[in-house]
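Note that the structure is a prediction, hence the values are computed from the model and not measured. Residue numbers start from 1 in every chain, and the chains themselves are labelled A, B, ... in the order their sequence lines are given, proteins ahead of strands.
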2 protein chains.
Amino acid sequence: MRHVSIKDIARAAKVSHPTVSRALRHSPLVRSETAKEIRKIAETMGYRPSAIGRSLATRKTNMIGVVVTTIADPFIADVVRGIEDTANEFGYSVFLANSNANPDREIQVVHSFHERRVDGILVAASRVGALYVPLLSRLRVPIVLINNQHPDEPDEFVRSVMIDNIKASSAVMSHLIGLGHRRIAYIGDKSGFQSDTERFAGYRRSLELASYAFSPELVVHGDGKAEGGLQAMEKLLQIADPPTAVFCYNDMSALGALRTLCAQGIRVPADISLIGFDDLAIASYTSPLLTTVRQPKQQMGRIAMQMLLDTFSGVESKSSIKVEGELILRESTAPPSWCDGNAN
Amino acid sequence: MRHVSIKDIARAAKVSHPTVSRALRHSPLVRSETAKEIRKIAETMGYRPSAIGRSLATRKTNMIGVVVTTIADPFIADVVRGIEDTANEFGYSVFLANSNANPDREIQVVHSFHERRVDGILVAASRVGALYVPLLSRLRVPIVLINNQHPDEPDEFVRSVMIDNIKASSAVMSHLIGLGHRRIAYIGDKSGFQSDTERFAGYRRSLELASYAFSPELVVHGDGKAEGGLQAMEKLLQIADPPTAVFCYNDMSALGALRTLCAQGIRVPADISLIGFDDLAIASYTSPLLTTVRQPKQQMGRIAMQMLLDTFSGVESKSSIKVEGELILRESTAPPSWCDGNAN
DNA sequence: TCCAGTTCTGCACACGTGTTCAAGTGTTGA
DNA sequence: TCAACACTTGAACACGTGTGCAGAACTGGA
């Protein structure tokens, strides 16, 4: 026999297995001396309850599934950490699955979670398109999307947490414009994803508000990773009239851009200002330190998990939460070189 | 009724539930037309088998547990990615749990995995002490430790994957010594962990082999993170006769050290050479690019998972695997400044 | 001593799937 | 026509836990 079951204990204690079940769960229905005796025997026999058996009986697994594009992304890793901490605190275990940014794989993973009867699903930075939410909804499992990359319609089962991109993006632009920059470039992600779209929207709106011209050649798309930022910056430097400041979609892109600038001997921020988004740990260790927008990554994970827990316990909660970013001023931004310290 | 079960399908198809079970699993025991009909009905009813029920019957969960200190560590994130990819490929789901480097929590997590009846457990960078392996072994669950931080005795249930620290460390030192450095510092992790101990052993042995003096003041302990490296480097710079090269326990420490050097206007590698360990993604985006030892992180995860799979299928395999690091020469090392290009 | 009420215990079933075994049906060959 | 065989199906049970309900055991009061 592989594992001790309550039936084994029942035999040893000369009682029935329901009595054991109740004793172990401290039910008041069982005489306290009997219960104590049973628990002692269980302890001696090295009993560990089977979550499988329990799940089958209670129709509750205390498991949640987390889908990420890739856990190797430091942004996502932080979010997952927040999720896992909260989940663990409340007795939930976390399934982790990488979709590798492959929509088919992502859907397959969700089905696998469904078959395991997880109590809820969290999805970080989904890359799946418009039909996704209805598909998820059909599973009738509570779901929270974190920084979902496609606009989602409200839904009974699908909730969401995301950062207020437009607001944060506007803060970035205010900072740069306030320093005196007029030619500000934008290095984005691959086209079509929501956080890119929204941050770009904030960029454009800020230019308009300041009555500055929008120059399409100042907008370059990377891939959200360092390599893309590196190449995007190379392109920007080839323009006849290059920008004096660059707003990067995220810190990884900024890191790549910084690399290009450094390799070409261009000083940051003396020659060009650079600003990122996310506030990854690395942003505090680059040279110069990177000015960026802090996303409360762990907290977003905690909030998402908390939304699930609320759903489980029937607490009514908002179907969509927007968190605020915070502009972190460090060393990578300064007034443009032609500007002697005071803007315009 | 919440989920469709094989009994529901059985009713609809006017057969018994064992027949449905067999039909869905393409058993040759059921007539092919019947099977086809049953599968059609299952499809129509939106049936998804319950992994819970199946696990209970088969005593196999196709789940594995992964314990990490924290998923926010980029080294560990890469390892986990390798694990998850391989697991997914073979139909296994992965539980992820952070121990936050807290031994009690780590043990608690292992028990939780045990209760969920995972088929195997992977532990990355365990911080639990000597009694750990016997404890794990008592669970009678196959376990693979990855870069375990305490020396482990061979055991029937507990296997391990680790990097050959001494060899890699020696390669680092050969490189620095070959460049002409004689005063080489070592920035370590907190004392007492195996990878630190071994890398330090390689450091000392290399000095001995070269007949260079070992100076205790050149050895400083950080915390394995950037902050620790930063402070350790500050200490090193206060020495009367500072080192011309610094071997950092890992890339995060090196990143911190680099920050200190940069802040104090000390040029790398012109004034001081710096070398890391791990080859994190960031190492390719620092200025200067960081020379380091590449650990095959994802591959280590794959190997560990493969060892579990081998155990499941009864394949005999080695109980301990050592993988080799690879010295990656980039820009952060050069001959010492007093040395005109040719060593000694 | 007996009854009513309380406290405790066990039977039977449920949850969803898989497997063994016996029995049913149809086929082939003598 | 019958036996031997292959093919197909379903009854019964297993896996480990939880729960409604009936009944047993105990308690206290008259």
Side-chain angles (χ1 to χ4, degrees), chain A residues 1-39 41-42 45-63 91 112-119 141, chain B residues 1-39 41-42 45-63 91 112-119 141:
Chain A
M1 186 180 321
R2 193 61 204 289
H3 289 279
V4 235
S5 76
I6 52 171
K7 289 188 186 174
D8 301 321
I9 300 174
R11 246 189 307 276
K14 302 200 200 312
V15 292
S16 70
H17 76 267
T19 302
V20 175
S21 170
R22 289 188 264 255
L24 294 176
R25 291 151 34 71
H26 293 82
S27 157
L29 288 177
V30 56
R31 197 157 54 101
S32 65
E33 297 113 72
T34 318
K36 202 171 282 181
E37 177 67 15
I38 290 175
R39 283 195 292 270
I41 295 179
M45 297 177 74
Y47 172 75
R48 287 277 156 183
S50 159
I52 302 290
R54 180 174 294 163
S55 296
L56 194 57
T58 60
R59 264 147 298 178
K60 244 274 215 172
T61 56
N62 278 42
M63 306 187 302
S112 142
F113 285 164
H114 181 51
E115 293 190 356
R116 295 198 181 277
R117 303 293 189 257
V118 295
D119 294 333
V141 174
Chain B
M1 187 179 322
R2 193 63 205 285
H3 288 280
V4 211
S5 78
I6 53 172
K7 289 188 186 173
D8 301 320
I9 301 174
R11 247 189 307 276
K14 300 199 203 309
V15 292
S16 70
H17 77 266
T19 302
V20 175
S21 171
R22 288 189 267 256
L24 294 177
R25 292 153 32 74
H26 292 82
S27 157
L29 287 177
V30 56
R31 196 156 56 101
S32 65
E33 296 114 71
T34 318
K36 200 170 286 178
E37 177 66 16
I38 290 174
R39 283 194 293 268
I41 294 178
M45 297 177 74
Y47 172 74
R48 287 275 157 186
S50 157
I52 302 289
R54 181 176 292 163
S55 295
L56 194 58
T58 59
R59 263 147 297 177
K60 245 277 223 168
T61 56
N62 278 41
M63 307 187 302
S112 142
F113 285 165
H114 180 52
E115 293 191 356
R116 296 198 181 277
R117 301 294 188 259
V118 296
D119 294 333
V141 174

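- Whole-Å rounding puts the Asp8(B) CG to dT17(C) C1' distance at 13 Å.
- Taking every side-chain heavy atom of Pro18(B) into account, dT19(C) is the closest of dT19(C), dT17(D), dA12(C).
- A donor-acceptor contact under 3.5 angstrom links the side-chain atoms of Arg22(B) to the base of dG10(D).
- Remark: P of dG16(D) and CD of Glu115(B) are 15 Å apart, rounded to the nearest angstrom.
- The side chain of Val15(B) has dG10(D) as its nearest neighbour among dG10(C), dG10(D), dG18(C).
- Considering only side-chain atoms of Pro49(B), the nucleotide from dT9(D), dT17(C), dC15(C) that sits closest is dT17(C).
- Between Val4(B) and Tyr47(B), the shortest heavy-atom contact is O-CD1, 3.3 Å.
- For Lys60(B), the NZ atom is densely surrounded, since the number of other residues' heavy atoms within 6.0 Å is greater than 12.
- Taking only side-chain atoms of Arg25(B), from C-beta outward, the nucleotide of dT9(C), dG10(C), dT19(C) with the closest atom is dT19(C).
- At whole-Å resolution of the value, CG in Asn62(A) and P in dG16(D) are 20 Å apart.
- The two residues Ile52(B) and Met63(A) come nearest to each other via the heavy atoms CD1-CE, 4.5 Å.
- The side chain of Ala57(B) lies closest to dG18(C) when the candidates are dT9(C), dT9(D), dG18(C).
- Taking atom CG of Leu56(A) as the reference point, atom P of dG18(D) lies 11 Å away to the nearest angstrom.
- A donor-acceptor pair under 3.5 Å links the side-chain atoms of Arg39(A) to the main chain of Ala23(A), judged by distance alone.
- For Arg117(B) (side chain) and His114(B) (main-chain N/O), a donor-acceptor pair under 3.5 Å exists by modelled atom type.
- Nucleic acid contact for Thr34(B): sugar-phosphate only, since backbone atoms but no base atoms lie under 4.0 Å from a heavy atom of the residue.
- dT9(C) atom C1' lies 16 Å from atom CD of Glu37(A), rounded to whole Å.
- Computed from coordinates, the Arg31(B) CZ to dG24(C) C1' distance equals 14 Å when rounded to whole Å.
- Closest to the Ser21(B) side chain, of the nucleotides dG18(D), dT8(D), dG18(C), is dG18(C).
- At dG16(C), none of the side-chain N or O atoms of Ser50(B) fall inside 4.0 Å of OP1 or OP2 (strictly under the cut-off).
- Between Tyr47(B) atom OH and dG16(C) atom P the separation is 10 Å, expressed in whole Å.
- Take the nearest nucleotide of DNA chain D for Thr58(B) and for Lys14(B): the residue whose nucleotide is more 5' is Lys14(B).
- The side chain of Arg54(B) places no N or O atom within less than 4.0 Å of a non-bridging phosphate oxygen (OP1 or OP2) of dG16(C).
- If you measure from atom CD1 of Ile52(B) to atom P of dG18(C), you get 13 Å, rounded to the nearest angstrom.
- Map Thr19(B) and Gly53(B) each onto its nearest nucleotide of DNA chain D; the residue landing nearer the 5' end is Thr19(B).
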